[in-house]
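Working notes for the structure below.
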Amino acid sequence: MFDPVRGQPDFPALEASIAAWWREQGTYEKSLTRRRGSERFVFFEGPPTANGMPHPGHCLTRTIKDLYPRYRTMRGQYCERKAGWDTHGLPVEVEVCKELGIHSKSEIEAYGVEPFIHKCQQSVWRYMREWETLTERIGFWIDLSKAYVTYHQSYVESVWWALAELFDKGLLYQGHKIVWWWAQGGTALSSGEVGQGYREVADPSVYVAFPLLDAGGAPTSRSLVAWTTTPWTLPSNQFAAVKADLDYVVLREPGSAGGPEYVVAEPLAASFGEKLKKEFEVVERLPGSALVGRSYLPPFDTFRPAGPPATAPLAAGGADASAWRVVAADFVTTDSGTGIVHIAPAFGEVDYTVLVAEQARFAAGKGPALINAVAPDGTFTDAFGMGSGRFVKDCDRDITRDLRARGLLVHQEQYVHDYPFCWRADSDPLIQYPRQSWFIRTSRFREQMLANNARIDWLPEHIKDGRFGNFLETNVDWALSRERYWGTPLPIWVCEQTGKAEAIRSYADLLAKPGIGGTEVFTKAKAVNPGLSEDLKVHKPYIDAVTYDSPFAPGARMRRVTEVIDCWFDSGAMPFAQWGWPHAGHAEFEAQFPADFISEAIDQTRGWFYSQLAISTLLFGADAEGSRPYPHTFKTCIVLGHMLGEDGQKMSKSKRNYREPAEIFDKYGADALRWFFLAGQAPWTSIRYSERAIKESIPEFLLRLWNVYSFFVIYARIDGFDPGAMLEDPGMLDHADLARGRGWRAVADRSELDRWMLSELNATAAAMTERMDAYDHFGAAQRLSSLVDAVSNWFVRRSRDRFWAAGRADGGVETNQEKLDAYWTLYETLLTIARLAAPFTPFTTEAIWRNLAGAAFGGRALESVHLADYPTGDAALVDHDLVRRMAVVRDVASLGRAARAAEKLRVRQPLQKVEVILADARPDDAAWLEAHADLVCDELNVKQFEVCGEPDRYITRAILPDLKKLGPKLGKDLPKARDALAKADAAALLAALAAHGRAEVPLPGGGVATVEQDDVIVRTTAKPGWAAAESPRAVVVIAKDLTPDLVAEGLVREVVHAIQTERKELDLEFTDRIDLVFATKSAELREALERHRDYVSGETLAASIHFGTPPAAAEPHDIDGHPLAIAVTKAGPAARS
RNA sequence: GCGCGCGUAGCUCAGUUGGUUAGAGCGCCACCCUGAUAAGGUGGAGGUCCCAAGUUCGAAUCUUGGCGCGCGCACCA
């Protein structure tokens, strides 16, 4: 027998008990065991970092990540879910630095790399418990016990293998490049990291004069004007660039002959004058090519000796000034500035290319060396005395002040633009800086990455060619190395003598090297501190101590380079590194690659989505030995929108514009949150996280489902409907299994309502399966929601009489078969809905299942809904005609109510008749509808219902073209045809169509259009004067005239209503009988009550009804203008009707 | 600057290949039910589909150009 159900569920408490039960039962493991050997559904967990608190956005990803594996498991696939944690990198180091109150690398070195690394390793797990709690609380089924961890030795060794492969193929190289440099942190960042740190700032924007030199090397009064937003790069100026085929002008203030002259690009001359608020006259006009080769005086003499420009020999013979000379460059534009570009090769990528090109012009070794007045820590070196030892950006003001004092500052303003800051230390601006760095040659694989991408199923689709495709198109080599401490060490050992390098694939490979030494450093540390994790032996500083004999030079040693790698490479290697592949886990890797499904938020386009695709394409792509077919590493990816706070702004802790997930769980429960995410909006829209919206998602689905379930259990217990006693072997509790139940009748034998319910149920299951297979959970959720609405607001509502009828529902001698049918139908419906909804709201559905299947069968049935098969719908049980007709009935009922409301005739007032005119019904629908008159009468409280025989009394018909059909046929004649149809005699036309299936309509401008029956739509409109309501499907007309009999009945129903209210106020049990005393001065009301005495006593369980003088306490009422005093008192013993 | 997405009722959002009366939930107003009851149901009001031009017989939907919001990219010197 079913357990009793609380009418008011406490979802959070319920969920806690379900979660505990899953844990005790090992339900997740059972769901896997059950599917072992089946086709796999491969899911990859993008590793979150556990050293930050989880927030609502993580709840969304975890919900989506849970939904599809659950669904696929129920569909019969085997879906392992291995958790993972991202543990390396800057986020961890920065967190530890904050804790230690330090910032710079020198401070870390002073603290000691070894203890620093220990701190990092501990810090990784700082919020572990919060993450585990969240994961379980939201019902994300994933195996945390076997989680992969990026700092574990086996993981690091897999990454080493990947890097060694790339190194051996020449795809991992060391380059001298201009990189985005985090000076305070002393490391370069990848473009992905840089991109995360852009912020709008106002920088100084300065226009600086570079005086041109005359032939003798002396400054003239004519100056180039260069523009920069980074004044601190001026001391390192090396060239000025112009566009050769662009026109330049020399400007001078009128009447100031001999005064300063400025050279700017002609198209920018006007805006230049406006900025300076000065009128200039053009002294001379010359092409950029005429400027090329001229020498100028740099703004600072940091690196320039006094006197004429120094020259150096050119490769092609002759000599040229080696620096501070005008060069031609194509990248010069007239978008902004002056058309003359200040070139500081140390601090810009294009600037650097200018230097490289110049160096090539000069004789070998004689070309210009890189000028750089800035140290790696971001401070000026002693070469630039004014700023020596100070952070360069802090010197901008002093530099401009100095330029102004020397008359070189032509103009200054503020320039607002986006500038990158360190993504973890957001007050540190990044600078471009020349640096030796390790790169992966990804740009060479652009086409292959695009080919791989083309095969991926992206949701939403536009990601493929939009954001992600664009990102791949503009691919640059991956700046891999980090001059930091806590990360996967770059497994490259270099010969101290020859500089030749080799890559190491595993720790065992390393130990096998000849003359290995230094491993004792870790052993000793471990002896001192036995708790030291073995995994740290592949980390700094221990790994740095390991050296071996060089194969390149006798007697020399091989030492590891100092760098660690970008932690995004770690996560991108996860598809194989999670198994320790290729050193271990062959079977697992082969079975679990590539992923069928992954999902993360949109910020991962250049994070995890990219790192997986890049690594995989390089290692396993078309060019690779043993290449694998695209797509890999994932086939389908749902890209989630970013979550916004309550105010529609970005979520931010400081603004407190969102509720902590824990609060939501405690107040509303995880299923409420999940339903809000899954059914609220398409997953890729940016979701507004709103407590109110979460709360409101409960009644719409969870509570409605629960109420039906609770209704079912209450009456099943009363009527003895106990499937456990009626069905020996529950099987899967499918339709076919239930058919073995005692008293079960074939659907064809059941009432129409039952057949309708099962039709809707099976049609919905089929539609949901189709949606879910297409990864459209939003569409599926909408179907599910309207199914639950159909059960609650039509099936249960229309079946109440059967549930409350006399007789039992246990299949025994006292059984009322109609009632039993209703129970079997609702039981099957609820069981099926529980399964359909299980992936969406796993807790509530489990609670329902455990009672309907679990308690009912005392353990003989499947213990968990998540072990069941997902219902895919049985087409044989779907009666499409019935579904359509029932929709018409519901429409008619709704129109009837609308017509009543318009006439202010409340439903309690019985009416004589309602008539319906169907707009475009199939012929037999009308007959069907008339056969269901009692249903309509009941819903609308009328005596009589019919499909109108003479519709012309009530309505006019208009014939409209079916534009979708006639449009293509008639084209430009369509408006004429529409006019013609509007003017035509509708009745005659309809008759012609009915008779011949087609009709000819003369067009206004001449000509004739042939119209077939299917080309037109008939619209019916109620004529004025009738109480009617219309929809596209039907017009409903109600008889608004009231006879005295009807009025009397209406009065009586008002009285019954008053009595029922009174019963409720007296807190009577619904089986309590009452005694009634009425007193009224209205003869009409008294007569009505007398006449309908039986009805009153039946409805209110009145044992006696008297007229007379009621006790003083009797409630006075006004019944439609008739005074009435009613006394209600409790009568004899209870008895259910 | 370039690119991507979004802009529909007071609020949060749907709207399937262009088609006749643009939908839902919440809120609001009115009503119903009182044997799922601190629930439930029905009806109603409420919309220049951001603006403009274009394509088309027909545009919320397609094109172009604006405006606003969000995000991404980076040769912003």
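From a predicted model like this one, the values you see are computed outputs, not experimental measurements. By convention in this document, chain letters (A, B, ...) are assigned in the order of the sequence lines, proteins followed by strands, and residues within each chain are numbered from 1.
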Whether E939(A) and R798(A) form a salt bridge (side-chain N of Lys/Arg under 4.0 Å from carboxylate O of Asp/Glu) is what I want to check. yes

Across the strands shown, which category fits T233(A) at heavy-atom distances under 4.0 angstrom: base, sugar-phosphate, nothing? nothing

Against the side chain of R467(A), the closest entry in rC71(B), rG43(B), rC32(B) is rC71(B)

Please check the phosphate of rA39(B) (OP1 and OP2 only) for any side-chain N or O of R704(A) closer than 4.0 Å. no

Could you state the atom-to-atom distance from CH2 of W684(A) to P of rG70(B) in whole Å? 23 Å

Within the 4.0 Å heavy-atom criterion, would you say A901(A) contacts the bases, only the backbone, or no part of the nucleic acid? sugar-phosphate

Base, sugar-phosphate alone, or nothing: which one does S710(A) contact when heavy atoms must sit under 4.0 Å apart? nothing

May I have the step-by-step check of ring pair (Phe, Tyr, Trp, His ring centres under 6.0 Å) for F347(A) and W232(A), ending in yes or no? CA-CA 10 Å; F347(A) 309 116; W232(A) 59 268; 4.9 Å; yes

With C1' as the reference atom in both, quote the distance from rG47(B) to rC11(B) in angstrom, rounded to an integer. 14 Å

note: Q909(A), atom CD; rC31(B), atom P; distance rounded to Å ~ 16 Å

With both distances under 3.5 Å as the test, what is the Watson-Crick or G-U wobble partner of rG70(B)? rC4(B)

L703(A) has an atom CG; how far is it from atom P of rG41(B), in whole Å? 9 Å

Distance between C1' atoms of rA14(B) and rC26(B) (Å, rounded): 15 Å

For a salt bridge (charged side-chain N to carboxylate O under 4.0 Å, His left out) check, start with the C-alpha distance between R906(A) and D1120(A), then their side-chain angles and the critical distance, and finish with the verdict. CA-CA 12 Å; R906(A) 60 186 144 212; D1120(A) 261 3; 2.5 Å; yes

Heavy-atom donor-acceptor pair, R897(A) side-chain to rC32(B) base, under 3.5 Å: no

Looking at side-chain heavy atoms only, is the closest gap between L830(A) and V791(A) below 4.5 Å? no

In terms of the angle between their ring planes, are Y709(A) and W706(A) parallel, tilted or perpendicular, with boundaries placed at 30° and 60°? perpendicular

Look through every strand shown and name the nucleotide pairing with rG40(B) as Watson-Crick or G-U wobble, where both distances are under 3.5 Å. rC32(B)

Which part of the nucleic acid, if any, lies within contact of G680(A), taking any heavy atom under 4.0 Å across all strands shown: a base, the sugar-phosphate backbone alone, or nothing? sugar-phosphate

If the P atom of rA30(B) is compared with that of rG35(B), how far apart are they to the nearest Å? 25 Å

Distance between the C1' atoms of rG43(B) and rC62(B), in whole angstroms? 38 Å

Whole-Å distance separating the OH atom of Y610(A) from the P atom of rG72(B): 18 Å

Take atom CG of L911(A) and atom P of rC32(B), then tell me their distance rounded to the nearest Å. 14 Å

Counting the atoms with a prime plus P, OP1 and OP2 as sugar-phosphate, which does S894(A) contact under 4.0 Å by heavy atoms, base, sugar-phosphate, or nothing? sugar-phosphate

Would you tell me if any nitrogen or oxygen in the side chain of Y709(A) comes within less than 4.0 Å of OP1 or OP2 on rA36(B)? no

Paired to rG65(B) by Watson-Crick or G-U wobble criteria (both distances under 3.5 Å) is rC51(B)

Quick check on RNA chain B: between I714(A) and D351(A), whose nearest nucleotide comes earlier from the 5' end? I714(A)

Rounded distance in Å between the P positions of rU17(B) and rU63(B): 13 Å

Just compare rA36(B), rA14(B), rG43(B) and give me whichever is closest to any side-chain atom of A898(A). rG43(B)

State which of rU34(B), rC13(B), rG70(B) makes the closest approach to the side chain of Q681(A). rC13(B)

Residue pair F609(A), W458(A): steps toward the ring pair (Phe, Tyr, Trp, His ring centres under 6.0 Å) verdict: CA-CA 11 Å; F609(A) 299 153; W458(A) 289 98; 5.6 Å; yes

On the 0 to 90° scale, with breaks at 30° and 60°, tag the W478(A)-Y610(A) ring pair as parallel, tilted or perpendicular. tilted

Watson-Crick or G-U wobble mate for rA24(B), both contacts under 3.5 Å: rU12(B)

Nucleotide opposite rA59(B) in a Watson-Crick or G-U pair, distances under 3.5 Å: none

Give one of base, sugar-phosphate or nothing for A893(A), where a contact means two heavy atoms less than 4.0 Å apart. nothing

Remember a base hit wins even if backbone is also touched, and classify R797(A) as base, sugar-phosphate or nothing at under 4.0 Å, heavy atoms. sugar-phosphate

Separation of rG40(B) atom C1' from F712(A) atom CZ, nearest Å, is 20 Å

Which sits closer to the 5' end of RNA chain B, E700(A) or R800(A), going by the nucleotide each is nearest to? E700(A)

Please report the distance separating the C1' of rG15(B) from the corresponding atom of rA60(B), rounded so that it comes out in whole Å. 9 Å

Polar contact flag, side-chain donor to acceptor under 3.5 angstrom, N475(A)-T442(A): yes

Out of rC71(B), rG40(B), rG25(B), minimum distance to the side chain of N793(A) belongs to rG40(B)

Please report the distance separating the P of rA77(B) from the corresponding atom of rC71(B), rounded so that it comes out in whole Å. 22 Å

Take atom NZ of K464(A) and atom C1' of rC4(B), then tell me their distance rounded to the nearest Å. 16 Å

Can you find a donor-acceptor N/O pair under 3.5 angstrom joining the side chain of R906(A) to the base of rA30(B)? no

P-based separation of rA24(B) from rA9(B) [nearest Å]: 14 Å

From the list rA36(B), rA14(B), rA39(B), which nucleotide is the closest neighbour of the side chain of W804(A)? rA36(B)

Where the side chain of N707(A) is concerned, which of rG3(B), rA36(B), rA14(B) is the nearest nucleotide? rA36(B)

Measuring from the side chain of F778(A) (C-beta onward, heavy atoms only), which nucleotide among rC4(B), rA77(B), rA14(B) has the closest atom? rA14(B)

Donor-acceptor pair between T233(A) and T230(A) side chains, under 3.5 angstrom: yes

Take the protein atom NE2 of H777(A) and the nucleotide atom C1' of rC13(B), then report the distance between them rounded to whole Å. 14 Å

